[in-house]
Amino acid sequence: MDAETRQPTRSRENTRTRLLDAAHEVFAEVGLDAASVEAVCERAGFTRGAFYSNFASKDELFLALVERSSTEQLDRVADRVRALDRTAVPDPASLVPQIVGVSMAGLEPRLVCELRAQALRDDRMAAAYLQLQDGIVARVQSIVDEIRTVYELRFRIPIPEVARLMVDLAETTCERAAIEGRVEPETSGLLHERIGLLATALLAD
């Protein structure tokens, strides 16, 4: 790829990143329904033309934001798993910090709830949401499978179901914690505890 080709590509990537960053702020402040394309463009310092050259709609922007947040978080988890001490005695409680946060996190729980509400009302959003969540479960499955391999663990149910249960538990735990007004350290502690209990229950003797 020559310099002339790389420059427009980098510029487009930078524009997309700034729009996603601005969207995260605007969505967090006013929610998905109240947020407008104009507000996101103003926050990012771009015109509507720049927006629509990167995203077809506000919904597509929001899905891209959720996907980016989830991917970044799962990448961090995968890095920690790769750094696990392979000589240590496996202990579900000590492994929890390596696999927590496996939901569509990185976004405020109420925004994820709004995404689900949109999916219930719109078939296209439903298909995109399900595809996104399936991708997250697949990533979690690979992480859990690597932990299983490292420590030679056996689960009572298939690994894909372990991953699905962890994602579901993480999402509902974070959402309820938000409704209850819990702060971040408290939410993380609760998430560690609940996924630890789940992992212990699912591990075969």
Residue list, side-chain hydrogen bond (donor to acceptor under 3.5 Å, both in side chains) with Glu38, at least two apart or on another chain: Arg48
Do Ile179 and Leu169 share a hydrophobic cluster, counting only Ile, Leu, Val, Met, Phe, Trp and Tyr and linking them when any side-chain heavy atoms are less than 4.5 Å apart? no
Do Leu32 and Gln118 have side-chain heavy atoms sitting under 4.5 Å apart? yes
With a 3.5 Å distance limit and no angle check, can you tell me whether Arg18 reaches the backbone of Ala44 through a side-chain donor-acceptor pair? yes
Spell out, as yes or no, whether a donor-acceptor pair under 3.5 Å connects the side chain of Arg194 to the backbone of Gly189. no
Apply the test side-chain contact (heavy atoms from CB on, under 4.5 Å) to residues Glu29 and Arg43: give CA-CA distance (whole Å), side-chain angles for both, the deciding distance (0.1 Å), then the verdict. CA-CA 12 Å; Glu29 290 171 5; Arg43 184 69 59 92; 2.9 Å; yes
A side-chain contact here means heavy atoms from C-beta on lying under 4.5 Å apart; do Leu63 and Leu115 qualify? yes
Please enumerate all residues that pass salt bridge (charged side-chain N to carboxylate O under 4.0 Å, His left out) together with Asp134, with sequence neighbours excluded. Arg164
Among the clusters formed by ILVMFWY side chains lying less than 4.5 Å apart, do Leu190 and Val167 turn up in the same one? no
To the nearest 0.5 Å, how far apart are CD1 in Ile195 and CG in Leu165? 10.5 Å
Between Val140, Val144, Val137, which is the residue that forms a side chain to side chain contact (heavy atoms under 4.5 Å, CB included) with Val162? Val144
If you define the side chain from C-beta out and look only at heavy atoms, does anything of Leu61 sit under 4.5 Å from Phe51? yes
Run the side-chain contact (heavy atoms from CB on, under 4.5 Å) test against Glu180 and tell me which residues pass, sequence neighbours left out. Arg176, Arg182
To the nearest 0.5 Å, what is the distance between NE2 on His192 and CG on Leu197? 13.0 Å
Asp21: partners by side-chain hydrogen bond (donor to acceptor under 3.5 Å, both in side chains), with sequence neighbours left out: Arg68
Leu65 side, atom CG; Leu19 side, atom CG - distance, nearest 0.5 Å: 11.0 Å
Among all residues two or more places apart in sequence or in another chain, which pass the side-chain contact (heavy atoms from CB on, under 4.5 Å) test with Asp79? Arg82
Would you kindly confirm whether Leu132 and Leu20 end up in one hydrophobic cluster when ILVMFWY residues are joined by side chain heavy atoms under 4.5 Å apart? yes
Let's go through Leu191 and Cys174 carefully: what are the C-alpha distance in whole Å and the side-chain angles of both, what is the deciding distance for side-chain contact (heavy atoms from CB on, under 4.5 Å) to 0.1 Å, and is it a yes or a no? CA-CA 7 Å; Leu191 192 56; Cys174 290; 4.2 Å; yes
Distance check, rounded to the nearest 0.5 Å: Glu146 atom CD versus Tyr151 atom OH? 10.5 Å
Is Ser53 reaching over with its side chain to a backbone N or O of Ala50, donor-acceptor style, under 3.5 angstrom? yes
Tell me, with the steps shown, if Tyr52 and Val37 meet side-chain contact (heavy atoms from CB on, under 4.5 Å). CA-CA 9 Å; Tyr52 285 112; Val37 169; 3.8 Å; yes
Would you find more than 12 non-hydrogen atoms of other residues, nucleotides or ligands less than 6.0 Å from Glu60 atom CD? yes
Residue pair Leu203 / Arg154, side-chain heavy-atom distance below 4.5 Å: no
Residues at least two apart in sequence or cross-chain that pass salt bridge (charged side-chain N to carboxylate O under 4.0 Å, His left out) with Arg139, listed by chain then number, are Asp75
Kindly say whether the aromatic ring centers of Phe27 and Phe62 come within a distance under 6.0 Å. yes
Distance, nearest 0.5 Å, that separates CD of Gln141 from CD of Glu161: 9.5 Å
Using modelled atom types and a 3.5 Å cut-off, is there a donor and acceptor pairing between side-chain atoms of Lys58 and backbone atoms of Val40? no
Tell me if the CD atom of Gln131 is crowded by more than 12 foreign heavy atoms within 6.0 Å. no
Might you confirm whether atom CZ of Arg124 has over 12 heavy atoms from other residues, nucleotides or ligands at distances under 6.0 Å? no
